[in-house]
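Take a look at the structure below.
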Amino acid sequence: MHIFHLLLKNNSEWRGVMRLFTCGIIIVCLHALPYFLLGEDAHMRVHDNLDSNIAWYRVLVQSGELFGSVHATIPQIIGGLPRNAYGTEFSGIVWLHALFPSVYAYGLSQLLTRLFAFIGMYLLLKTHVLKEKEAEWIRVGVALAFALTPFWPSGMLSTLGMPLALWALLNIRAGDRSLKNYVVLTLLPFYSSFVLGFFFFLSAMFIFWAFDAWRRRPNVPLLLALIYMTVLYLAIEYRLVHSFLFATEPTSRDEYVHARLPLWRSLRLTLKNYMFGHTHVMTIHTLIILPITLIALYIVWRKTWWQQERLFWQLHIVNVALSAWYAFWFYKGWLPATEAFPFLDRFNFARYHFLRPMVIYVLFALSLRIIWRAWDRGVVSFAIASQLVVAMLFHEQIVYRDKPTFRAFYAEKQFEQVKRYIGKPLHTYRVVSIGMHPAIAQYNGFYTLDTYNNFYPLSYKHQFRKIIASELAKNKKLKQYFDEWGGRCYIFVDELGKHYMFTKQSNKRIRHVKLHTDVLYDMGGRYVFSALPIDNAKENNLKLLRTFEHDESAWNIYLYEVEREKTT
């Protein structure tokens, strides 16, 4: 009879666990539902998303160079963008965009990323952090809050997949040789980025292994697992490896200067990053999680729980250290080192702060357990519910509700009108854009001289600069922005500054631009798509052909023809 009651009790507990876990899965699925219900009328992030990556996937798939050689080029962009600039063909997000319409590929990526973020954080907490049976609601709540963070979309599982990878690696460290751990380590590299997350995770894990080996004894299975995952990433990212090690032509990255901040600004950036996070790894921890972790720290101090809560206070230190590392990577004191070792400028080592989402949410879970033990369950429940509300309010459909929808941003019907009006094969002429991102023209199949890319030939950057040289001379910030980075190879205009989106609601006009359209013409540029009227177009050898408007578009497109400069 005792055994029967025990089985009933265990079965009841198991059903309770499954109900909570299933509820979390359902909420994650509902979070992604708007992309499928709204389709192209959905709102989503513009910065480093609509203005770049989504158009890149489309251009890559339609170029016929998805499996192109490491020496191949994509003629639609800058007359021949190196194929390697668009990354590996073994990335899961590339295949989503190859198989599905862009907006649904985006929605599927959101769903997959958040599901595995939830599962990974839940497993990490359950197996290695909060093992108590009665902490199930904390595990599910924190894992769900983590999964709903507004991550950078094209990063996929680069940051949100770290808990799943850590769970598998800690299992191996503990002697678990089951297949599931190696399946995780094998599949994650196909749906994440090495340089945008896992380089920093794996290098940190190698450091952890070394300390572990020094304190105890070398854990050979863990070391082999780390080596295996690293080698797999390098094989998948073979284009990146080739570009970094074997490419001889200088690229725009060779002029990148990252170390410019004085000491006081680095200190200020440390505090800013610690409190608010970063746009590519938004942790939305400021309102709820940060106060909760500080309250828990106070409790540990008052009750002198330093020994039993060692992981808790160690993660506090790691959290602060990551923010300081991020901020001081831009400290001008690095200049002598970057001059001696140029690769320090080409690779963004500041991204160790990409570890912070995992650190902060594990810290959140530990903090909730401490408060629960010191006070009562009500405070913990309120904190979890509040953080979930914050996460819901950061949904893209809410945050970007005042930005153009997918349909309005890419304005396909409007650009079809432009194509028909010009009436020439797209590959026979080149265009540039003013007041809107060149990714829009690229998404619609136009061949552009302007672009937004991580790297491209330095010679092209210098050639393109001649078009906008007079505008850069007027504006110190634009000049520094282009000359010392240049990832946005745009037609910059002094009057517009670092603003690239002027919708049809804007009343702004361009009055005093000075472009070297002779250079633009010689590079094959025949048309300018401007979101704003150019009052002195004639002085720039630009002829207004027609203005295009469309109800579904976010833009008014002023189509200018580039005329050959007249000589006397």
Side-chain angles (χ1 to χ4, degrees), residues 40 50-51 54-65 73-81 101-102 404 406-452 464 467 489-491 493 500-504 510 513 515-567:
E40 293 192 353
L50 289 176
D51 70 350
I54 291 179
W56 295 352
Y57 304 137
R58 184 179 175 101
V59 168
L60 176 59
V61 170
Q62 294 184 348
S63 70
E65 293 292 348
T73 60
I74 297 176
Q76 185 184 341
I77 313 299
I78 69 171
L81 180 73
S102 296
F406 184 98
R407 186 191 310 279
F409 185 85
Y410 286 121
E412 292 184 78
K413 292 181 181 178
Q414 187 180 29
F415 276 90
E416 280 299 322
Q417 293 176 349
V418 176
K419 289 177 189 175
R420 288 197 298 269
Y421 180 83
I422 294 175
K424 304 174 186 175
L426 294 175
H427 70 275
T428 62
Y429 59 91
R430 303 291 182 268
V431 305
V432 293
S433 300
I434 297 177
M436 55 184 174
H437 297 283
I440 300 169
Q442 293 169 2
Y443 186 90
N444 284 283
F446 288 94
Y447 284 57
T448 70
L449 294 175
D450 47 354
T451 192
Y452 177 16
F464 188 90
I467 302 172
C489 189
Y490 283 21
I491 298 293
V493 177
Y500 327 115
M501 281 180 47
F502 292 87
T503 65
K504 58 189 177 186
I510 299 174
V513 67
L515 300 177
H516 296 273
T517 49
D518 54 330
V519 179
L520 177 60
Y521 191 93
D522 289 342
M523 292 173 68
R526 294 296 181 268
Y527 300 98
V528 174
F529 299 158
S530 180
L532 302 170
I534 303 174
D535 289 349
N536 65 335
K538 190 174 181 180
E539 297 173 21
N540 287 274
N541 297 312
L542 297 175
K543 177 184 177 182
L544 179 63
L545 298 179
R546 183 177 164 182
T547 302
F548 294 85
E549 300 177 4
H550 198 282
D551 291 341
E552 294 182 358
S553 170
W555 327 103
N556 286 331
I557 299 175
Y558 297 84
L559 177 63
Y560 290 92
E561 184 178 18
V562 183
E563 299 185 309
R564 185 185 294 275
E565 188 172 24
K566 297 176 182 177
T567 57

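Everything numeric in this text was worked out from a predicted model, so none of it was measured.
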Quiz item: So, E40 and K413, do they make that salt bridge, N to O below 4.0 Å?
Solution: no
Exercise. Report the distance from atom CE of M501 to atom CE of M436, rounding to the nearest 0.5 Å.
Key: 11.0 Å
Quiz item: Looking at CD of Q76 and NE2 of H427, how far apart are the two atoms once the value is rounded to the nearest 0.5 Å?
Solution: 12.5 Å
Quiz item: So which heavy atom on I510 is nearest to which on V513, and how close?
Solution: CG2-CB, 3.7 Å
Exercise. To the nearest 0.5 angstrom, please state how far the OG1 atom of T448 sits from the CD atom of Q442.
Key: 3.5 Å
Quiz item: Is any side-chain heavy atom of L542 less than 4.5 Å from a side-chain heavy atom of V562?
Solution: yes
Quiz item: Looking at A55 and A439, what are the two nearest heavy atoms and their distance?
Solution: CB-O, 3.6 Å
Quiz item: Are a donor atom and an acceptor atom from the side chains of S102 and Y410 found within less than 3.5 Å of each other?
Solution: no
Quiz prompt | Nearest-0.5 Å distance that lies between atom OG1 in T451 and atom CZ in F464 | solution = 9.5 Å
Quiz item: So how far is it from R546 CZ to E561 CD, rounded to the nearest 0.5 Å?
Solution: 15.0 Å
Practice problem: Answer yes or no: is there an ion pair linking K419 with E416, defined by an N-O contact shorter than 4.0 Å? | Solution: yes
Exercise. Using a cut-off of 6.0 Å, state whether more than 12 heavy atoms not belonging to K504 lie near its atom NZ.
Key: yes
Self-check item: Nearest heavy-atom neighbours spanning E563 and Y521
Solution: C-CD1, 4.2 Å
Self-check item: Minimum heavy-atom distance between I422 and F446, given as atom pair plus value
Solution: CD1-CE2, 4.5 Å
Exercise. Is it possible for you to check whether R58 lies under 6.0 Å from the centre of the six-membered ring of Y443, through NZ or CZ, and within 45° of that ring's axis?
Key: yes
Quiz item: L81 and V59: side chain to side chain contact (heavy atoms under 4.5 Å, CB included), yes or no, with the steps?
Solution: CA-CA 11 Å; L81 180 73; V59 168; over 6 Å; no
Exercise. Might you point out which heavy atoms bring A531 and G435 nearest each other, and give the distance in Å?
Key: CB-O, 3.5 Å
Quiz item: Run the side chain to side chain contact (heavy atoms under 4.5 Å, CB included) check on I467 and I491 step by step: do they pass?
Solution: CA-CA 8 Å; I467 302 172; I491 298 293; 3.8 Å; yes
Quiz item: Are the side chain of N540 and the backbone N or O of T517 linked by a donor-acceptor pair below 3.5 Å?
Solution: no
Self-check item: Residue from W555, Y560, F548, F415 passing ring pair (Phe, Tyr, Trp, His ring centres under 6.0 Å) with F529
Solution: F415
Quiz item: If we only count heavy atoms from C-beta on, is the I557 to Q417 side-chain gap below 4.5 Å?
Solution: no
Quiz item: Rounded to the nearest 0.5 Å, how far apart are OH of Y558 and CG of L544?
Solution: 8.5 Å
Quiz prompt | Shortest non-hydrogen contact from L515 toward I434 | solution = CD1-CD1, 4.1 Å
